[in-house]
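In this text the structure is predicted, and so the values were computed from the model without any measurement. The chains referred to below are lettered A, B, ... by the order of the sequence lines, with proteins before strands, and numbering in each begins at 1.
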Amino acid sequence: MDEINPKILDKLKEIKENDMSGFLKDIIHFEFQNIDQDRTLFGEEYDKLIKKYLGIK
Amino acid sequence: MIFEYISLKNYRQYKEAKLEFALPNKGKNFTILQAPNGVGKSNLFNAINWCLYGKELFITKEEKRLPLVNTISLKENRKSEKCEVEIELKMRDEENKLMLITRKQMFYIDREGNITRDSSNLTIVREINHNMVNITSEQQEFINRNIPENIKEYFFFDGERLDDYFKKEGAESIKKAVYRISHIEILDRVINHLDYKHKEILRQNKDLTPAAESIRLEIQAAEEGVVAIKKDLDEKKTSLSEARLNIREIQEKRKKNPVPNTKELKEKREELDKSLEEYEKKIEEHKSEFSNYFKEIAPKILLHESFINVKKIIEDKKKKKEMPPGITKEYIDHLLKSGECICGREICSKDKSKDKISDLLNIYANLSDIGNYLVEMQGDTESILRQVKEFEKRYKDYEKRLKDLQMEFSTKSQELKKIKDKLSGTDESFAILEEQQQDLETARDDMLLSIGKLEGNIKSGEDFIKIRNKDLNDELSKEKRFAVLKSKLDFYSKALEKATNIKEAIMKETKMEIEDKTKKQFFNLIWNPTSFRDIKIDDDYNLSVIHKSGLESIGSLSAGQRQVLALSFIAALNSVSGFKLPIIIDTPLGRISKETRLNIASKLPEFLEDKQVTLLVTDEEYTDEVRKKLGKNVGKEYEISLKEHDDGAIATIKEKK
């Protein structure tokens with residue numbers, strides 16, 4: 001599929017907290033794009049996203 | 001996704017060939033490729049796989065020894081010392097946009113006949129906004145997004161390998177494919193990474209209070225413990241699957257043997273052994289009884305004539321009134337002593353009366369004894385004569401009874417022999433199989449218990465971790481300097497929980513969907529649906545077929561039934577995958593009987609109605625009757641023929657009009 005399984009996206013929509021659903025959507029997309037990579041720099045990406053969604057500088 | 005055509009140049013036995021697929025519109029969605037075995041049908045699938053992924057999946061040992069390039073073409077190109085293999089696959093996606101995928105590979109041959117090759121070269125042209133655009137980067141990722149490599153189980157059905165679906169490796173492969181297709185593996189990565197980050201934040205913080213650090217270490221230890229138990233649990237579950245599979249295989253082996261239950265036969269054998277022992281005893285007792293009787297009667301038989309004479313004498317004497325004597329010697333003695341005769345006259349020695357009576361005494365003294373003896377003997381004699389008379393009847397009775405006992409003994413012996421023959425013909429191997437099955441069933445039951453306990457331990461561990469996490473949270477809340485740390489931890493925890501819930505929900509829904517569709521397809525396609533109650537798929541994607549009796553019956557399915565089950569499963573996977581891919585079925589009707597073949601052929605079109613289907617069939621499968629059943633659904637029909645040459649072979653694809 002060229003995109004994430006729609007069922008996952010539907011489940012994310014069910015999450016009431018916008019920041020949580022946004023955060024999960026972003027990391028899921030990140031993982032999807034890097035699925036074929038042996039090693040991903042997920043650490044940096046996760047740090048970046050959590051700061052974004054928690055409003056931390 | 002629909003295949004429009006595949007063209008092959010110098011690929012294996014295909015020097016130059018093109019195959020146009022039937023397009024699934026107006027109900028003519030079947031493409032038939034007919035050829036005898038060994039001609040190259042399966043290589044068409046290999047060609048598609050090689051074009052898309054640069055790999056061949058189903059290559060025979062012989063073909064592995066040969067290069068990919070057609071050997072005749074290679075020889076023909078000897079002057080130029082090179083020859084190119086090319087496969088082009090034209091497709092349309094779900095939006096009817098064109099995709100052309102071409103893979104080429106150059107082969108070289110030197111004067112000594114050594115063959116080398118370049119890496120293969122992939123070209124992808126895709127229709128985007130009415131323009132044909134070359135995709136030059138991340139080509140393989142592009143292909144994998146549209147036609148994932150490791151989901152061949154979703155669209156390629158090899159009739160010769162259908163049993164793989166019911167094996168552990170098959171189930172594992174399917175589970176991986178399902179996880180990949182439904183993006184559960186992505187969720188797994190998300191969960192693992194969230195968990196890692198959650199722990200990393202705490203681990204890296206060197207400023208925790210001693211109490212917080214202590215709780216953190218406890219949580220860490222508990223988590224490591226849970227990980228170890230989960231690993232143990234996975235191993236046990238794997239062993240359980242293997243045991244179940246081995247049990248199924250043994251059941252199948254035993255099913256092939258006409259001998260029913262070895263255990264029953266053994267019990268019957270023991271029963272007969274015991275019964276024969278009893279009969280032997282009865283026969284011996286009977287003989288012994290008669291022998292004792294005979295010892296008693298034999299002298300009487302031998303003296304039979306004498307006893308008859310004695311009886312005659314006694315009767316004679318009785319007739320003559322000589323017996324029993326009229327007067328006893330005691331009475332005569334009494335008369336002499338009393339000196340008074342019977343008539344009352346005095347007995348005196350003056351006249352001869354006393355002498356006369358004394359003579360009488362002498363005579364009757366002897367006679368009395370003999371007479372009394374004979375009188376007594378008369379009863380015995382008659383009794384002996386009766387016994388001798390009875391002997392004949394008793395002998396006949398003895399013989400009859402003996403014969404009856406011996407006949408029953410003989411019947412049971414024969415029955416025992418038959419059972420022993422049955423048990424020995426199948427032999428030890430069946431006794432061994434039976435024992436193995438029992439051992440496996442015991443091991444399986446033990447494993448189920450262990451698994452239950454381990455799952456309980458995991459739950460306890462996870463509950464403990466939850467509680468301590470809450471305690472840690474409370475501890476961190478006590479100081480403002482931990483506010484950011486705490487908010488990150490909370491956020492990661494919640495994200496982890498949500499991701500886990502989503503994963504579990506998707507897993508459950510996907511599995512249920514596959515199970516429901518498999519079941520629906522199976523009961524629609526099978527010709528004896530009332531024999532079965534249910535189809536189940538477990539969490540590891542192992543299939544179960546529940547017989548109407550409630551028992552697991554996948555090991556007892558016939559070849560045709562297994563074919564139907566595998567077809568149903570593959571159609572369900574195909575449907576749930578989210579990928580609308582063409583289905584290619586190699587030898588779909590090969591190993592089954594004529595009637596079953598016609599049953600499946602009649603239902604296939606309805607079963608695969610909106611899919612593009614290619615069937616690779618042998619002459620034996622594709623009989624006139626099968627052709628008739630499929631007829632109106634066939635859009636394209638081809639015959640593949642092979643011509644052998646000195647340097648190789650060439651396969652030709654010819655359309656049948």
task = Examine distances only and state if a side-chain atom of Arg189(B) and a backbone atom of Phe32(A) form a donor-acceptor pair shorter than 3.5 Å.
result =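 Looks like no, no N/O pair under 3.5 Å.
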Heavy-atom proximity to chain B below 4.5 Å, by part of [X]:
X	result
Leu54(A)	side chain
Ile15(A)	side chain
Glu14(A)	neither
Tyr46(A)	both

query = Any chance the rings of Phe42(A) and Phe30(A) have centres within less than 6.0 Å?
reply =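 No.
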inquiry  = For a quick test of reading the model, state the closest non-hydrogen atom pair linking Ile506(B) to Lys11(A) and the distance between them.
reply    =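 Heavy atoms only, the tightest pair is CD1-CG, 4.0 Å.
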key: Polar side chain donor-acceptor pair, Asp195(B) to Tyr492(B), under 3.5 angstrom   =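 The answer is no; no qualifying pair exists.
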inquiry  = Side chains of Glu31(A) and His193(B): any donor to acceptor distance under 3.5 Å?
reply    =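 Note: His193(B) and Glu31(A) side chains meet the donor-acceptor criterion.
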query = Given a strict heavy-atom distance threshold of 4.5 Å, which part of Lys488(B) is in contact with chain A: side chain, backbone, both, or neither?
reply =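 For Lys488(B), the contact with chain A is made by backbone and side chain together.
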key: Which atoms of Ile201(B) approach chain A - backbone, side chain, both or neither, heavy atom under 4.5 Å   =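 Neither part.
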